[in-house]
Amino acid sequence: MTALKLLSRTKLYWGLIAIFLIGVLGSPMSSKGNNIFLSYGNLLDVLRQVSTTGLIATGMTAVIVTGGIDLSVGSLMAICSVVCAMLLTVPGVTPGVVLGVPTVALVALCLGFVVTRFIFQNLAKSRAGADLVREIRLDGIRGLITPAVVGVVLCCLSLWFLLPQIEPKFGVLGVLLVAPCVGLLFGALNGFIIVAGRLQPFIVTLAMMVTALGIARLTAGQNNAVLPVYTGSNATADFEILRSLVFGIIPMPGLFFLGAIVIYGAVLRFTPFGRYVYAIGGNEEAARLSGIAAGRVKIATYAVSGLLAGIAAVLYVAQYRQGKPDAGAGLELDAIAAVVIGGTSLMGGRGSLIGTFCGVLIFGLLSNILQLHNINSNLQLVLKGMIIIGTVLVQERNAGDLLAYLRLPGGQSAHKETAAAKRPSQETPSLNLGGNKK
């Protein structure tokens, strides 16, 4: 492997290292002569600040890998933040309760049914030695009755847990259950409309973005643009745990972000679901012909995206002590930028969560560097836009292509090698079930 190819394959990590070194070398010093950028508190603040965007970018990665896009995640986070703040601070039956509690019951019913049926199908496939993508017909007991019973039981358990919290106000576990379920329901609705209506994800999620924003404002009420949350005063003191440092080392929002990256990354890398996600993004028609239930997989990716937006909303409320209808304004653009900076192709079929993790950190470190130097906020937006364009240009075109275009030495041969490597895949399309191997 030539040095040029190695540089091309590891350019994302070199970019992250370069941003970090720029921060270290250009950091202002404290009154004691310490490097402010390298201070433990500053690095913790970076991780805390990027966690919300990182959670949303985690769900966005799988959506983009399938060839879709989700513009509604910012509004979904906003509506979930309003529901969370209202459940924490207002006792009794409120719009947040009316929206949240039935949603949890419905999600529990559907998840119980789907997961139980999925388990029975896979058990039947393993006994029959059938291919994983082939459908197995189940009898009435295993295919309908038992999954329905499990769903009803889970629905009743969720109501048993939530209903006693309505009058005295909800606790931490209550909002951590309700808000993500609200996001999951709206996300699944996105996926269902896209699949069943055969519509472009851009249009559907754009419509959902506007719709969710309206629902968030209706839920908050015209006189409640901001719902303040003060732990120990109008909300339970236990909610402060979501702002704390775990073992005094890592902020709780960062732990949620890292956990989501590890768990969802393992799912995409090591499970059939992950292989199906990459296969659909590479060639959806070929994936369908091979027996993959492309519609179900796409619905699942949008549902997980909404779920993570709901979790991000709870962390947002804990961090900023408020819920408001415009909490996630513009956040979907930051998430998409972080995903693309991380090497995920907007055309689908290529990307990884480790790349998204690096992209989120690059975005966060860049913001922190500009803030430490007191750069004007408007100029920060201009610089971020320029850096995003430059980074995406490098990600979408390898180093050989760039050198050849600029007519620099060493670029022409690399350009020819890249073209030769790409030619067979263009002439003979193949189905990629193995995900991103880079």
Side-chain angles (χ1 to χ4, degrees), residues 16 19-20 23-24 27-28 30 34-60 73-74 77-78 80-81 84-85 88 172 175-176 179-180 183 228-232 235 237-264 308-324 327-335 337-339 341-342 353-354 356-375 377 380 384:
L16 178 58
I19 289 289
F20 189 83
V24 173
S27 171
S30 66
N34 297 324
N35 189 298
I36 296 178
F37 179 82
L38 278 180
S39 66
Y40 187 64
N42 181 67
L43 296 179
L44 282 184
D45 285 341
V46 171
L47 181 58
R48 188 188 297 273
Q49 290 169 6
V50 303
S51 296
T52 301
T53 304
L55 278 168
I56 293 179
T58 300
M60 184 76 73
V73 285
M77 197 194 89
C80 291
S81 75
C84 175
L88 285 168
V172 179
V175 294
L176 278 175
V229 177
Y230 304 115
T231 53
D238 295 339
F239 195 65
E240 189 70 17
I241 193 174
L242 296 180
R243 302 183 73 252
S244 63
L245 294 178
V246 180
F247 303 116
I249 299 175
I250 182 171
M252 184 65 77
L255 191 63
F256 274 86
F257 171 41
L258 295 176
I261 285 285
V262 171
I263 295 172
Y264 207 18
L308 292 175
I311 296 175
V314 178
L315 298 177
Y316 174 91
V317 173
Q319 181 71 20
Y320 296 99
R321 302 181 186 275
Q322 64 180 3
K324 55 181 182 177
L331 199 58
E332 63 280 348
L333 302 180
D334 289 344
V339 171
I341 287 175
L353 278 178
I354 186 63
T356 296
F357 178 71
C358 292
V360 170
L361 288 183
I362 288 174
F363 219 68
L365 290 174
L366 175 62
S367 298
N368 182 254
I369 292 170
L370 295 176
Q371 290 171 5
L372 287 178
H373 288 276
N374 296 319
I375 302 298
S377 60
Q380 287 187 34
K384 286 181 182 179

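Just the heavy atoms: all of them, side chains too, but no hydrogens, waters or symmetry mates, feed the values below. Predicted model, so just to flag it, every value in this text is computed and none were measured. Numbers here simply count residues along the sequence, with the first being 1.
- Atom-to-atom distance recorded for Arg48:CZ and Ile250:CD1 is 10.0 Å, nearest 0.5 angstrom.
- Checked by atom type, the side-chain pair Asp45/Asn368 shows no donor-acceptor distance below 3.5 Å.
- Here the CG-CG distance, from Leu315 to Leu255, works out to 10.0 Å after rounding to the nearest 0.5 Å.
- A donor-acceptor contact shorter than 3.5 Å is absent between the side chain of Ser81 and the backbone of Gly323.
- Taking both residues in full, the closest heavy atoms of Val229 and Ala235 are given as CG1-CB, 3.8 Å, listed atom of the first, atom of the second, then distance.
- Rounding to the nearest 0.5 Å gives a distance of 7.0 Å between CG of Leu258 and OG of Ser51.
- Taking the side chain to side chain contact (heavy atoms under 4.5 Å, CB included) definition, one finds that Gln322 meets it with Val226, Tyr316, Tyr320, Lys324, sequence neighbours left out.
- The shortest side-chain heavy-atom distance between Pro251 and Phe257 does not fall under the 4.5 Å cut-off.
- Rounding to the nearest 0.5 Å gives a distance of 11.0 Å between SG of Cys80 and CG of Leu308.
- Closest approach of Leu44 to Ile249, counting heavy atoms only: CD2-O, 3.2 Å.
- Counting only heavy atoms from C-beta outward, the side chains of Leu16 and Leu365 approach each other to under 4.5 Å.
- Annotation: side chain of Tyr230 is not in contact with side chain of Leu88 (no heavy-atom distance under 4.5 Å).
- Here the closest non-hydrogen pair linking Pro180 and Ile311 is CG-CG1, 3.7 Å.
- Here Phe357 contributes atom CZ and Ile261 contributes atom CD1; the two are 7.0 Å apart, rounded to the nearest 0.5 Å.
- Formation of a donor-acceptor pair under 3.5 Å by the Asn35 side chain with backbone atoms of Val24 is found in this model.
- Counting heavy atoms from C-beta outward, Met60 and Val73 have side chains that approach closer than 4.5 Å.
- A heavy-atom distance below 4.5 Å is found between the side chains of Asn42 and Leu372.
- Residues passing the side chain to side chain donor-acceptor pair (under 3.5 Å) test with Asp238, sequence neighbours excluded: none.
- When all heavy atoms of Phe239 and Cys84 are compared, the pair lying nearest together is CZ-SG, 4.3 Å.
- Within the 4.5 Å cutoff, the side chain of Phe256 has heavy atoms near those of the Leu242 side chain.
- Of all heavy-atom pairs between Ala260 and Leu55, the closest is CB-CD2, 3.6 Å.
- Taking CG of Asp334 as the start and CZ of Phe363 as the end, the distance is 4.5 Å to the nearest 0.5 Å.
- Within 6.0 Å of the CG atom in Leu245, the count of heavy atoms belonging to other residues, nucleotides or ligands exceeds 12.
- Taking Arg321 as the reference, Glu240 meet the salt bridge (charged side-chain N to carboxylate O under 4.0 Å, His left out) condition, with sequence neighbours excluded.
- Taking all atoms of both residues into account, the shortest heavy-atom contact from Gln319 to Pro253 is OE1-CG, 4.3 Å.
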Apply the test side-chain contact (heavy atoms from CB on, under 4.5 Å) to residues Arg243 and Thr231: give CA-CA distance (whole Å), side-chain angles for both, the deciding distance (0.1 Å), then the verdict. CA-CA 11 Å; Arg243 302 183 73 252; Thr231 53; 6.0 Å; no
